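The structure appears right after this line, and notes come after that.
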Amino acid sequence: KHAPVRYFGLLPEFDLSRTLDNVLFADEAPKRSKKFWQQLKADGRVADRPHITITHVNNKSEEGYTWDLCDALYKSSLSPTFKVKLGRLLCDGDVMALVVEEFAVDEDAPGEGQAGSEFVSQLPEAIRTRLHVTVGTRTKVIAPFEAGELVKRWRAYVRKGVDEIELPDLWVKGRVRGLAG
């Protein structure tokens, strides 16, 4: 028997560690972010299953429509593949996150493109603007949820104490999944 779905999200297909090693290897990368990344790796605090949460069971009362859209895609036999542009790496000394800048249907992948296009067009702006990948948190006491809060603050131009690194043209792909983790 499957565990109940706690959230819907994308599991992007990319090597998080190699990607960030390359980004943070650059001379111009902020020292604090480089050091934080090394510490995350040393402490085993890098997300072992990087994902982009779309909606969580805790938000189901406000986001029921989006929950139902995700559920339908997840249960579809021809679930569409989405492509996502990860545009920035943010770090505030407690959390590190990748910001989703674009979310679209991967027209080249097999699947139900029409359902995917409808999903993208119906995704509320409030959800779209918080989409991110949690890279890791400094300690177990800091919840991964805080990465989303960092992205929200950054989008609201509250950026004091936040390192921001623009990423090269980084597109990742994934399908909507119902996740229990």
Side-chain angles (χ1 to χ4, degrees), residues 1-16 18-20 23 47-90 95-136 143-158 164-181:
K1 185 168 156 42
H2 291 295
V5 172
R6 284 190 51 237
Y7 61 96
F8 286 102
L10 298 183
L11 296 173
E13 300 156 8
F14 78 119
D15 184 333
L16 178 65
R18 189 169 19 173
T19 300
L20 293 189
V23 167
D48 57 349
R49 198 172 176 203
H51 62 274
I52 300 164
T53 299
I54 298 170
T55 187
H56 195 283
V57 71
N58 293 349
N59 302 333
K60 200 172 173 182
S61 59
E62 307 90 61
E63 299 176 1
Y65 183 72
T66 301
W67 181 275
D68 293 343
L69 288 174
C70 288
D71 194 44
L73 283 183
Y74 175 53
K75 291 175 177 166
S76 162
S77 59
L78 282 172
S79 177
T81 300
F82 295 97
K83 60 183 183 180
V84 173
K85 183 178 186 193
L86 300 173
R88 301 253 186 302
L89 175 66
L90 304 180
V95 295
M96 185 175 269
L98 294 163
V99 179
V100 171
E101 287 191 353
E102 292 182 45
F103 187 97
V105 177
D106 181 9
E107 301 292 351
D108 301 330
E112 188 50 65
Q114 182 64 34
S117 296
E118 287 172 15
F119 178 80
V120 170
S121 72
Q122 294 176 35
L123 197 59
E125 194 62 22
I127 292 177
R128 195 183 293 269
T129 58
R130 72 173 186 228
L131 296 176
H132 68 281
V133 173
T134 300
V135 174
F145 170 83
E146 292 299 330
E149 295 302 303
L150 170 61
V151 171
K152 282 187 205 169
R153 287 193 310 272
W154 177 81
R155 287 212 184 268
Y157 296 97
V158 179
E164 174 185 341
I165 302 167
E166 192 165 347
L167 300 175
D169 200 29
L170 179 58
W171 287 86
V172 297
K173 296 178 182 191
R175 289 193 160 106
V176 172
R177 295 282 180 238
L179 303 160

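Computed from a predicted structure; not experimentally measured. Computation of the quantities below employed the complete heavy-atom set of this structure, encompassing side-chain atoms and omitting hydrogens, waters and symmetry-equivalent molecules.
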query: Checking S79 side chain against S76 main chain: does a donor-acceptor pair fall under 3.5 Å?
result: no
task: Could you list the residues that satisfy side chain to side chain contact (heavy atoms under 4.5 Å, CB included) with D48, not counting sequence neighbours?
output: none
- line: By side chain to side chain contact (heavy atoms under 4.5 Å, CB included), P144 pairs with (sequence neighbours left out) T134
message: Once ring-ring contact (aromatic ring centres under 6.0 Å, His included) is applied, do any residues pair with F14, and if so which ones, sequence neighbours excluded?
response: none
- request: Could you pull out the closest heavy-atom pair between L179 and G9, with the gap in Å?
  value: CD1-N, 4.2 Å
- line: Nearest heavy-atom approach of L89 to M96 is CD1-CG, 3.5 Å
task: Any chance you could measure I54, atom CD1, to R130, atom CZ, to the nearest 0.5 Å?
output: 9.5 Å
- request: Would you please name every residue forming a salt bridge (Lys or Arg N to Asp or Glu O under 4.0 Å) with E102, sequence neighbours left out?
  value: none
- prompt: How about F119 and C70: do any of their side-chain heavy atoms sit closer than 4.5 Å?
  reply: yes
task: Compare all side-chain heavy atoms of I52 with those of F103 and state whether any distance is below 4.5 angstrom.
output: no
message: Tell me the closest heavy-atom pair linking G116 and F82, and the distance in Å.
response: O-CE2, 3.6 Å
statement: In short, salt bridge (charged side-chain N to carboxylate O under 4.0 Å, His left out) pairs touching residues 69-83 with sequence neighbours left out are D71-K75
field: Partners meeting side chain to side chain donor-acceptor pair (under 3.5 Å) with W154 (sequence neighbours left out)
entry: E164
Within-4.5 Å side-chain heavy-atom neighbours: Y74 and R177: yes
query: Under a 4.5 Å cut-off applied to non-hydrogen side-chain atoms, are L86 and V99 in contact?
result: no
- request: Please report the shortest heavy-atom distance between H132 and A97, naming the atom on each side.
  value: CD2-CB, 4.3 Å
task: Applying salt bridge (Lys or Arg N to Asp or Glu O under 4.0 Å), name anything that partners R18, two or more places apart in sequence or on another chain.
output: D15
message: Run the side chain to side chain donor-acceptor pair (under 3.5 Å) test against Y65 and tell me which residues pass, sequence neighbours left out.
response: Q122
task: Determine whether W67 and V5 make a side-chain contact, defined as any pair of heavy atoms from C-beta on separated by less than 4.5 Å.
output: yes
task: Hey, could you give me the CD/CG distance between E63 and L69, rounded to the nearest 0.5 Å?
output: 11.5 Å
query: Looking at residues at least two apart in the chain, or sitting in another chain, which of them share a side chain to side chain contact (heavy atoms under 4.5 Å, CB included) with E125?
result: R128, T129
message: Can you confirm whether L16 sits close enough to L98 that some side-chain heavy atom of one is under 4.5 Å from a side-chain heavy atom of the other?
response: yes
field: Results of side chain to side chain contact (heavy atoms under 4.5 Å, CB included) for E149 - residues two or more places apart only
entry: F145, E146, K152, R153
message: Is the shortest side-chain heavy-atom distance between L123 and L131 below 4.5 Å?
response: yes
field: All salt bridge (Lys or Arg N to Asp or Glu O under 4.0 Å) counterparts of K60, not counting sequence neighbours
entry: none
statement: Taken in chain and number order and not counting sequence neighbours, the residues that satisfy side chain to side chain donor-acceptor pair (under 3.5 Å) with T66 are none
- prompt: Can you tell me how far the CG atom of L167 sits from the CD atom of E101, to the nearest 0.5 Å?
  reply: 8.0 Å
For the student: nearest non-hydrogen atoms of A115 and L73, plus distance: CB-CD2, 4.0 Å
- prompt: Between P50 and L11, which heavy-atom pair has the shortest distance, and what is it?
  reply: O-CD2, 3.9 Å
